[in-house]
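First the structure, in the form of C-alpha cells, and then the observations on it.
Note that these values count all heavy atoms, side chains included, but never hydrogens, waters or copies made by symmetry.
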Amino acid sequence: MDKYKKIEQLYKKKKDMSVFLADENDYFYLYHLSPIRRNILDWFDFDKDASVLEIGAGVGVITEMLLQKCKTVTACEASERKRDILMKRFKKDDQELEIVSGLKDLTEAGNKGKFDYITMIDNFSIDLVKASASLLSDKGKLIIATENKFAVQTWSIRSSEDMYTLEDITGILETEGLEVSQTYYPVPDHLLPLEIYSEAVTESGSFLVIAEKKDKNRENNTKSENNDLFKI
C-alpha cells in the first residue's frame, strides 16, 4: 500500500500512533507520525492568543500541537499529497487552521508582519529566511530547528552544502534584519528529540534557534554611544 495512503487511513481510524510505530520498523512512519517529534517545541511558552506560521507542516504531527497552543495556525506545505492529508485530518469548523502551498501565497495576500511565531523545523534555507522576515511581526519570533554541519550524527545524512554551522545561521539571520535571542541543543537531534539543553552538549546533532527582529532603537543608541567615544 502507498505509504501516504496508509497514514491517511491511520488518522481516519484514529489509531494510536505509538502502538502502530511499535510494530512498524520503517523510519518513514517514525518521522511522519512519532509523537516524540512534538518534543522540539512542546515545552515552549507560546502566547495562547498568537498567530503562528508553520513552514513544512508535513502530515501534521507538530501542527496538532501548535493548534493546541496558539489561537491560529497557518500550515505551509509544498507537497500536494501532504496538504491533502492535512485538510482531511483537520477538517473541523472549530479548528483555526489555514493550509497553503507556499510563502508566496501569503506575501501576495498581504500578510506582511502578520505572524507572532514562524516555525521552521527541519526546513531551514536562506530563501525561506528571506521570505519569512517580511511575514514576521515586529515583536515576533522565528524558530529554527536544523542539523549542525559539524556534528558526528550528520556526516552521513546528506551533502554538507545543505547544512550550516551556528555561525552560518547567525550571519544569514543578521542579513535579513534578525538576531539570535536564544539557542538550544536538542538531543539526539531535532528530528526525534528526547531532551532539549540550553547549553551546548556534544550529544546534540542539531540547533534550535530563536530569532527576533533587530531592535532599531537599541542599535541607534549603541551607535550614539560609540560616536560619543570619539568626541573631544
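In this structure, the side chains of Glu77 and Ile99 stay at 4.5 Å or more apart for every pair of heavy atoms. Side-chain contact check for Asn39 versus Ile196: every heavy-atom pair is 4.5 Å or farther apart. At least one side-chain heavy atom of Leu128 sits less than 4.5 Å from a side-chain heavy atom of Ile55. Leu178 places none of its side-chain heavy atoms less than 4.5 Å from the side chain of Ile172. Annotation: side chain of Tyr184 is not in contact with side chain of Tyr197 (no heavy-atom distance under 4.5 Å). You'll find the side chain of Val209 stays beyond 4.5 Å of the side chain of Ile143, heavy atoms only. Looking only at side-chain heavy atoms (C-beta outward), Lys130 and Ile126 come within less than 4.5 Å of each other. Within the 4.5 Å cutoff, the side chain of Tyr185 has heavy atoms near those of the Leu166 side chain.
Hydrophobic cluster membership is shared by Val52 and Trp43, with clusters built from Ile, Leu, Val, Met, Phe, Trp and Tyr side chains linked at under 4.5 angstrom.
A donor-acceptor pair is defined here as one N or O able to donate and one able to accept, closer than 3.5 Å; no such pair exists between the side chain of Asn111 and the backbone of Lys114. Looking at Ser204, its side chain never comes within 3.5 Å of a backbone N or O of Val187 through a donor-acceptor pair.
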Practice item. Please lay out, stage by stage, how Ser101 and Asp105 fare under the test side-chain hydrogen bond (donor to acceptor under 3.5 Å, both in side chains). Key: CA-CA 7 Å; Ser101 61; Asp105 298 342; 2.9 Å; yes

Point to revise | Trace of the side chain to side chain contact (heavy atoms under 4.5 Å, CB included) decision for Leu41 with Phe46 | key: CA-CA 9 Å; Leu41 288 177; Phe46 286 97; 4.1 Å; yes

Point to revise | Derivation and outcome, side chain to side chain contact (heavy atoms under 4.5 Å, CB included), residues Leu191 and Tyr27 | key: CA-CA 11 Å; Leu191 302 176; Tyr27 183 77; 3.6 Å; yes

Practice item. Might you work through the side chain to side chain contact (heavy atoms under 4.5 Å, CB included) test for Val129 and Thr175, ending with a clear yes or no? Key: CA-CA 10 Å; Val129 170; Thr175 300; over 6 Å; no

Check your understanding: Would Tyr164 and Asn148 count as a side-chain hydrogen bond (donor to acceptor under 3.5 Å, both in side chains) if you check the C-alpha gap in whole Å, the side-chain angles of each, and the deciding distance to 0.1 Å?
Key -> CA-CA 6 Å; Tyr164 303 86; Asn148 175 3; over 6 Å; no

Check your understanding: What do the steps show when you test Thr63 against Glu54 for side-chain hydrogen bond (donor to acceptor under 3.5 Å, both in side chains), and what is the final call?
Key -> CA-CA 7 Å; Thr63 310; Glu54 180 188 14; 2.5 Å; yes

Practice item. Give the C-alpha distance, both sets of side-chain angles, the deciding distance and a yes or no for salt bridge (charged side-chain N to carboxylate O under 4.0 Å, His left out) between Lys141 and Glu212. Key: CA-CA 5 Å; Lys141 298 180 186 296; Glu212 303 175 19; 2.6 Å; yes

Exercise for review: In sequence, state the C-alpha distance, the side-chain angles, and the governing distance for Asp116 and Ser51, and then conclude on side-chain hydrogen bond (donor to acceptor under 3.5 Å, both in side chains).
Suggested key: CA-CA 5 Å; Asp116 301 306; Ser51 59; 3.3 Å; yes

Practice item. Please lay out, stage by stage, how Gln68 and Arg38 fare under the test side chain to side chain contact (heavy atoms under 4.5 Å, CB included). Key: CA-CA 12 Å; Gln68 294 167 355; Arg38 294 170 56 116; 3.0 Å; yes

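Heavy-atom minimum distance, Ala50 versus Cys70: O-CB, 3.6 Å. In plain terms, the two heavy atoms of Lys69 and Asp42 that are nearest each other are NZ-O, 2.9 Å. What you find for Ala57 and Ala75 is that their closest heavy atoms are CB-CB, 3.7 Å. Nearest heavy-atom pair across Leu192 and Ile36 is C-CG2, 3.8 Å. Closest heavy-atom contact between Pro193 and Ile40: CG-N, 3.6 Å.
Separating the CG atom in Asp122 from the CD1 atom in Ile144 is a distance of 12.5 Å, to the nearest 0.5 Å. The structure places CG of Asp168 at 6.0 Å from NZ of Lys149, a figure rounded to the nearest 0.5 Å. Atoms CG and OG, from Leu53 and Ser132 in turn, are 6.5 Å apart once rounded to the nearest 0.5 Å. With rounding to the nearest 0.5 Å, the separation of CZ in Phe124 from OG in Ser206 is 13.0 Å. Rounding to the nearest 0.5 angstrom, the gap separating the CD1 atom in Ile85 from the CZ atom in Arg81 is 6.5 Å. Atom-to-atom distance recorded for Met163:CE and Phe150:CZ is 9.5 Å, nearest 0.5 angstrom.
Between His32 and Phe28, the ring-plane angle classifies as tilted under the 30° and 60° cut-offs.
Remark: Glu179 does not engage Lys213 in a salt bridge, criterion side-chain N to carboxylate O under 4.0 Å. Salt bridge present: Lys3 and Asp26 bring a charged side-chain N and a carboxylate O closer than 4.0 Å.
In this structure Asn123 satisfies the side-chain hydrogen bond (donor to acceptor under 3.5 Å, both in side chains) test with no other residue, sequence neighbours excluded.
A 6.0 Å sphere centred on CG of Asn25 holds no more than 12 heavy atoms belonging to other residues, nucleotides or ligands.
Checked against the 6.0 Å centroid criterion, the rings of Phe20 and Tyr29 qualify as a close aromatic pair.
Each side-chain hydrogen bond (donor to acceptor under 3.5 Å, both in side chains) pair with one or both residues in residues 8-20, not counting sequence neighbours, appears once here: Glu8-Lys88, Tyr11-Arg89.
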